[in-house]
Number of protein chains: 2
Amino acid sequence: MPAPSPREQMILAAMSLFQREGYAAASWRRIVQESGAPWGSAHHYFPKGKEQLGLAALEMASQTVAASMARCFPEGGVAADGVRQLFEGGAKLLTKSGFTAGCPICTVALETAPQSPTLTETCNSAFQLWRQTIADGLVRCGMSAPYAAKLAVLALAAFEGALVQARTAQSQEPMLDCATMLEQLCREPKSGA
Amino acid sequence: MPAPSPREQMILAAMSLFQREGYAAASWRRIVQESGAPWGSAHHYFPKGKEQLGLAALEMASQTVAASMARCFPEGGVAADGVRQLFEGGAKLLTKSGFTAGCPICTVALETAPQSPTLTETCNSAFQLWRQTIADGLVRCGMSAPYAAKLAVLALAAFEGALVQARTAQSQEPMLDCATMLEQLCREPKSGA
DNA sequence: TAATAACTAGGACGATCGTCATAGTCCACC
DNA sequence: GGTGGACTATGACGATCGTCCTAGTTATTA
């Protein structure tokens, strides 16, 4: 890596703190401190203050996660495998962090929605992007678009929810259990009306 | 209601603030103020401070939610109907609050797990209780115990995750979509290994 | 009725919050 | 080799944080 700029350092640090403790606990001072970025430049790069930095962090998280999600569903793959990979990937990251790092968007959304319109809108866009990313992936695996759209909502909800359970229980099990159940819905795309 | 005691008032207010803005934003002062309880008595009822009050609020939330969950699955009912009722109930409460009130446990868990051992443990117990409550309900509807246990994990995860999506999007749709998909898993308790 | 406990009022304490202003340093470019 | 703009250092500002203390009020006993 070519030594990230102070601006990037701060965004990364904010994202990390959002994951671990949420928006309110991620104070301006702690973000700057943990980032290692120079103290004086914080207000220079984000003259509108904490919310501006928060927005940037959420947007970066949104893109990063979407990219990893897309990678789970290669062209011509199997839908169920993609879902499993998605959940296993999440479980792995969670474990690697010692069960401290969850989803930054989810945490911030719960703290601020719908109180802060800008933050809420950014979180909403992230969820929308992720739903679409999963749905597109499922379609790439041969699933019909309408069914994929519905399943993507459930998959994302289960992903976020399982992440919370897994983190709280400090165990991967909820993630893997959910994956198993969801695989079933991938293999039987049609039945009821 | 026979006029709740100051202690109950404070617990209720803390629960409400946890739902709306999380643990960090729910300051000792705001809790006491919103509760309408007398200022001076806060430290008298909870001499160990904010964490003690937080614990009490989480425990009350745990019990309250578990009771509503159990009511969704009456003896001899249909599993799919129970799941739908669960999600519709959640969606209704969320809407009634103007999409401001989510799950207090989930919010606090994301902010504090696993940093604060006591809070994390309480959140974990709540999730465990809820999983068990849903699983018991599904068994009451005739489902096999092992399958019900697995489905309960997914149902709870989807419930929490859909709640976040719905709140952020300010729409019931994610909740109802998830319910529809989950109903499918209720009707086909067996297929794969 | 007296005394003993339970509860309430109100504020002081140091720490930390987000914001902002001012001065100083660095470096690219003419 | 200056000169101007980008960046950094440092700390003051008022507000709010969680905690804790002392004095006052109310209720419950003997």
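Numbered from 1 within each chain, the chains take letters A, B, ... in sequence-line order. All values below come from the heavy atoms of this structure, side chains included, with hydrogens, waters and symmetry mates left out.
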What N/O pairs connect the protein and nucleotides 9-16 of chain D at under 3.5 Å? Give each pair on its own line.
unit_1: D/dA9; atom_1: OP2; unit_2: A/Trp39; atom_2: N; d: 3.3

Intermediate values then yes/no, salt bridge (Lys or Arg N to Asp or Glu O under 4.0 Å), A/Lys92 and A/Glu88: CA-CA 6 Å; A/Lys92 199 166 294 181; A/Glu88 279 181 354; 5.9 Å; no
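When the C1' atom of D/dT8 is taken as reference, atom CE of A/Met10 falls 11 Å away, rounded to whole Å. Between B/His43 atom NE2 and C/dG10 atom P there is a gap of 18 Å when expressed in whole angstrom units. Whole-Å rounding puts the B/Gln52 CD to D/dG18 P distance at 15 Å. The interatomic distance linking B/Glu51 (CD) with D/dC17 (C1') rounds to 16 Å, in whole Å. Per the geometry, NE2 belonging to B/His44 stands 18 Å off P belonging to D/dT25, to the nearest Å. Atoms CH2 (A/Trp28) and P (C/dC20) sit 10 Å apart, rounded to a whole Å.
Cluster annotation: B/Met181 is not connected to B/Leu176 through the hydrophobic network of ILVMFWY side chains, with a link wherever side-chain heavy atoms come within less than 4.5 Å.
In the set C/dT19, D/dC17, D/dT8, the nucleotide with an atom closest to the side chain of A/Tyr45 is D/dT8.
Residue B/Leu93 is found outside any hydrophobic cluster, as its side-chain heavy atoms come under 4.5 Å of no other Ile, Leu, Val, Met, Phe, Trp or Tyr.
Contact check for A/Ile134 versus A/Phe159: no side-chain heavy atoms found under the 4.5 Å cut-off.
In terms of modelled atom types and a separation under 3.5 Å, the side chain of A/Glu111 and the main chain of A/Ala24 share a donor-acceptor contact.
In terms of position along DNA chain C, the nucleotide closest to A/Arg30 lies nearer the 5' end than the nucleotide closest to the other residue of the pair A/Pro47 and A/Arg30.
A donor-acceptor contact closer than 3.5 angstrom is absent between the side chains of A/Asp81 and A/Gln85.
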